[in-house]
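Notes for the one structure printed next.
Residue numbers begin at 1 in each chain, while the letters A, B, ... track the order of the sequences.
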2 protein chains.
Amino acid sequence: MEHTSRLVHSPLFEQLRHSLLEKIASGEWAPGMQVPSESELSREYRLSPGTVRKALDFLEDAKFILRQQGRGTFIMDPEGRETIRRFERFRSEDGALVGQTLEVLSHVEDEATDAERANLQIADGSCVRRIVRLRRFKGAPFLYEHIALPAAMLPTARDVDNPEFWIATTARNCGVLLGDAEERLSLAACPEAAAAPLQCEKGETVMRIRGVMQSIDGVPVRWRDAYCVTQDIYYSVPLARRV
Amino acid sequence: MEHTSRLVHSPLFEQLRHSLLEKIASGEWAPGMQVPSESELSREYRLSPGTVRKALDFLEDAKFILRQQGRGTFIMDPEGRETIRRFERFRSEDGALVGQTLEVLSHVEDEATDAERANLQIADGSCVRRIVRLRRFKGAPFLYEHIALPAAMLPTARDVDNPEFWIATTARNCGVLLGDAEERLSLAACPEAAAAPLQCEKGETVMRIRGVMQSIDGVPVRWRDAYCVTQDIYYSVPLARRV
DNA sequence: AAGTGGTCTAGACCACATA
DNA sequence: ATGTGGTCTAGACCACTTC
């Protein structure tokens, strides 16, 4: 963090942000841990308090850390409700997150299909981990989803206690920090594979949800292709001025 | 912006932000106008450059202003493509915003229904302006929408050139700054009123989109109840770490 | 050359939580 | 009383655009 490194043409607060993100990704700073105080970081990195603050501002906005006046700064849990909530868009009529009954139908490692390669931006012949899951709300199935992850990036194959937090757990185990995502919703005819699990007819009009999640560096880490029959459930879309 | 006003317990940068938002809302600072430089604002308001900067940071994040190094800071156009894009979630398969063919089917002022009063949080007996619109993509209708606006807040009744920017134009004319919104997507049976315009059968499964848009102060300004038959079109949901 | 926003410094003081 | 984050100051220098 010397002044000479200014030559790489990246501002100091950005370099610091990157350095701190690495500590979180590597697990050196684990969820729940207290981060050194701003003045300590300022001394360690030989940066002014203002510069340290600017780097932390970003980490706070992005929900990597939680700052509490008078107490300190803490690493947030990627599997915590607050963190996971942003990817869980289904709400019941009262506005609460829908109960998380989730069943893993299959889980295989296989060569990527054309669609998977295109969406995950991986090379020809690459492998993916493919998971098929079914979600229920009050016992009734409402979401049938295919998930594909680049096997090279997220190789962890061991079972996860709570499949709800599957991507978060896997990412953490592999030192990947989850970033933004885009999901695309449209109407579609229910495909044959989804019909039985969703207890509906093949060809029936259902909601299709497709989208890619990226790591904090912008690398695709998850491709989802899901079919949904909403009942007493809606998909909530927050539209903010700030992107 | 004196130090005595610190007694109202609102930080100076927040007071300044509010003051600048008022200039934009009132039209004193009109779209496209150049804003006084940071150092000028610093002198005018007798605040340090850092404090002024923090207030402007917010306005930039929220897309009220555009800062350009070396040139200056400018008020953004609420009807500009960049600003409106965030509320226009429909994209064609190539990822571009869908063409904006829009037809106003009706436009009346009426006493609010129960649903409208509940969603717009207005008093019993209040009036709304109710607009029914139909959108087409390549000639084919895909979105039938009811819009309701609180008549007390957005009384402008005169016609707008481009109904696409209706809410933006109305809000600007009334000195209201648009803020965040939430939309709720679910499957629903196509109601009778929407069937004919959408060229589908009553009771057919379609996508329902309901949601409230708020002013920058958090006051509801628009309630939308729409029915959509997607074809070569999808609803794009951006999921960001930062809220 | 002059003016703009972008980065960075090195402090001060306040609000708050904890011991 | 101590330590934390939150606010604010008053500068400096750099990157960039425009004249």
| message | Suppose we call two aromatic rings close when their centres sit under 6.0 Å apart. Are A:Tyr234 and A:Phe90 close by that rule? | response |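 For A:Tyr234 and A:Phe90, the ring centres are not under 6.0 Å apart.
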| said: What verdict does the side-chain contact (heavy atoms from CB on, under 4.5 Å) test give for B:Tyr45 and B:Ser19, after you've listed the backbone C-alpha separation in whole Å, the side-chain angles of each residue and the deciding distance to 0.1 Å? | reply: CA-CA 10 Å; B:Tyr45 285 93; B:Ser19 169; 3.1 Å; yes
| query | Counting any heavy atom closer than 4.0 Å, what does B:Glu40 reach on the DNA or RNA strands: base, sugar-phosphate only, or nothing? | reply |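 Answer is sugar-phosphate: B:Glu40 comes under 4.0 Å of backbone atoms only.
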What is the distance from [atom1] of [X] to [atom2] of [N], rounded to the nearest Å?
X	N	atom1	atom2	result
B:Gln68	D:dA15	CD	C1'	14 Å
A:Leu41	D:dG3	CG	C1'	14 Å
B:Tyr45	D:dA10	OH	C1'	20 Å
A:Glu38	C:dC16	CD	C1'	14 Å
A:Lys54	D:dG5	NZ	C1'	19 Å
B:Asp57	C:dC8	CG	P	14 Å

| message | Under a 3.5 Å distance rule, please check whether A:Arg89 uses its side chain to pair with a backbone N or O of A:Ser236 as donor and acceptor. | response |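 Answer holds: yes.
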| field | Closest-nucleotide ordering on DNA chain C, the 5'-leading residue of A:Thr51 and B:Arg53 | value |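 On the 5' side of the pair lies B:Arg53.
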| task | Could you say whether A:Gln69 or A:Gly50 is positioned toward the 5' end of DNA chain C, judged by the nucleotide with the nearest heavy atom to each? | result |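 It is A:Gly50, whose closest nucleotide lies nearer the 5' terminus.
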| said: From C-beta outward on B:Ser48, which listed nucleotide comes closest to its side chain: C:dT9, D:dA10, D:dT4? | reply: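 The closest nucleotide is D:dA10.
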Please check the phosphate of [N] (OP1 and OP2 only) for any side-chain N or O of [X] closer than 4.0 Å.
X	N	value
B:Ser37	C:dT4	yes
A:Arg71	D:dG5	no
B:Thr73	C:dG5	yes

| Between B:Lys138 and B:Asp232, is a salt bridge (charged side-chain N to carboxylate O under 4.0 Å, His left out) present by the stated rule, with each step listed? | CA-CA 10 Å; B:Lys138 293 182 178 169; B:Asp232 310 325; over 6 Å; no
